[in-house]
2 protein chains.
Amino acid sequence: MSTGDTGVSASLHDHRLPMPVPVGEYDRCPVTDVLRRVSDKWTLLLITLLGRHPHRFNELHRAVEGLSPRMLTRTLRVLESDGLVEREVFPTLPPSVEYRLTPLGASLLEPLSALAEWAVAHHAEIVAVRQRTA
Amino acid sequence: MSTGDTGVSASLHDHRLPMPVPVGEYDRCPVTDVLRRVSDKWTLLLITLLGRHPHRFNELHRAVEGLSPRMLTRTLRVLESDGLVEREVFPTLPPSVEYRLTPLGASLLEPLSALAEWAVAHHAEIVAVRQRTA
DNA sequence: CAGTATCCGAATTGATACTG
DNA sequence: CAGTATCAATTCGGATACTG
């Protein structure tokens, strides 16, 4: 890092966003799109759990304290409609539904890990600064 | 990847979060904390721009179409209070204020790039799935 | 079991006008 | 120039009750 200027950031946004960033363009920026998807209240957690093994609906519901069925469904549906999660229905009685990461979803775990490691490494520092500021 | 099970996801959340994830604990999870910070509407964009070179307030304002002074200030203040951005006031007339990434902020560009590359590589696929679902 | 339906409060963002 | 103040609109998320 700090080779002088923008070696790092260049790779962040230089998939031809011109410098004066029109927000219309920016909204279609892949990075923001993905980031905003992944970063709502429950998505990351669900991806992580599904990264371990497939889960049934109520299994997820039980695993995550505070997550209502409404938000669980909503979050899974978005993930599904983005092709990150796969939903399989077993027509048993009572019905059983299994959710698992698609290969695409699984591949996302990798870059997410880089960010996770950064977060783990630097979170204390952030919190410290935050408290000085507070 | 896909060595069998959770090689990837393990590094995501195994800083000792037990499997039944209590949300109280999860809210203090460094990963989510950082993700939620970075992923509001303007933060990533501002970090990216500041990663190129320091900017003055109105320089950022002009650079990002659709960003109101209110949100610009708010976003910068949060970044500052997290120690990712540094604010320097030059007591000229009229006043001039420069924002730049701190070393901590700059170090965040690196993992962000990993995610950015994933996003660039897979965004088309996501969009395609989305449209089939829509 | 696996959801859906409904209602409501909270948080986020935008628009705009004003100030040291 | 670099913000702040105010108000309105939208979106997000929680609680709860109900259904095939």
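Every chain is numbered from 1 and lettered A, B, ... according to where its sequence line falls, protein lines coming before strand lines.
- Contact check on A:Asp40 versus A:Arg74 returns no salt bridge, with no Lys/Arg side-chain nitrogen under 4.0 Å from an Asp/Glu carboxylate oxygen.
- With salt bridges taken as basic N to acidic carboxylate O contacts below 4.0 Å, none links A:Asp82 and A:Arg77.
- Pairing each heavy atom of A:His55 with each of A:Leu49, the nearest pair is CE1-O, 3.1 Å.
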I'd like a table of atom pairs between the protein and nucleotides 3-6 of chain D - only N or O on both sides, under 3.5 Å - with the distance next to each one.
residue, atom, partner, partner atom, Å
D:dG3, OP1, B:Arg77, NH2, 3.3
D:dG3, OP1, B:Arg87, NE, 3.4
D:dG3, OP1, B:Arg87, NH2, 2.5
D:dG3, OP2, B:Tyr99, OH, 2.6

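- The two atoms that bring A:Ala119 and B:Val34 nearest to each other are CB-CG2, 3.6 Å, heavy atoms only.
- Nucleotide C:dT13 holds its P atom 6 Å from the CZ atom of A:Arg36, rounded to whole Å.
- Considering only the side chain of B:Lys41, C:dG14 comes nearest among D:dA2, C:dG14, D:dG13.
- Remark: P of C:dA11 and CG of A:Asp40 are 17 Å apart, rounded to the nearest angstrom.
- Rounded to whole Å, the distance from CD on B:Glu65 to P on C:dG14 is 12 Å.
- For the pair A:Glu59 CD and C:dA2 P, the computed distance is 9 Å after rounding to whole Å.
- Distance CZ (B:Arg56) to C1' (D:dA2): 9 Å, rounded to an integer number of Å.
- The nearest pair of heavy atoms linking B:Trp118 to A:Ser107 is NE1-OG, 2.9 Å.
- The interatomic distance linking A:Leu72 (CG) with D:dT16 (C1') rounds to 16 Å, in whole Å.
- Taking 4.5 Å as the limit, some side-chain heavy atom of B:Leu35 sits within range of a side-chain heavy atom of A:Leu35.
- The A:Met71 side chain lies nearest to D:dG13 when the options are D:dG13, D:dA2, C:dA15.
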Mind listing the side-chain donor-acceptor pairs of residues 90-98 of chain A below 3.5 Å, one per line with the distance, residues two or more places apart or on another chain?
residue, atom, partner, partner atom, Å
A:Thr92, OG1, A:Phe90, O, 3.4
A:Thr92, OG1, A:Pro94, O, 2.8
A:Glu98, OE1, A:Arg100, NH2, 2.6

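- Nearest heavy-atom pair across A:Ser39 and B:Ser39 is OG-OG, 2.6 Å.
- For A:Ser96 and B:Ser39, each mapped to the nucleotide of DNA chain C holding its nearest heavy atom, the one lying further toward the 5' end belongs to A:Ser96.
- Atom CZ of A:Phe90 and atom C1' of C:dA2 are 14 Å apart (whole Å).
- We find that CG of A:Leu60 is positioned 12 Å from C1' of C:dA2, with the value rounded to whole Å.
- Computed from C1' positions of five pairs at each end, the angle between the two local axes of the helix from C:dC1-D:dG20 to C:dG20-D:dC1 equals 50°, rounded to 10 degrees.
- Candidate nucleotides C:dC1, D:dG14, D:dC1 were compared by shortest atom distance to the side chain of A:Trp42, and D:dG14 ranks first.
- The minimum heavy-atom distance between B:His61 and B:Leu72, with the atom names listed, is N-CD2, 3.8 Å.
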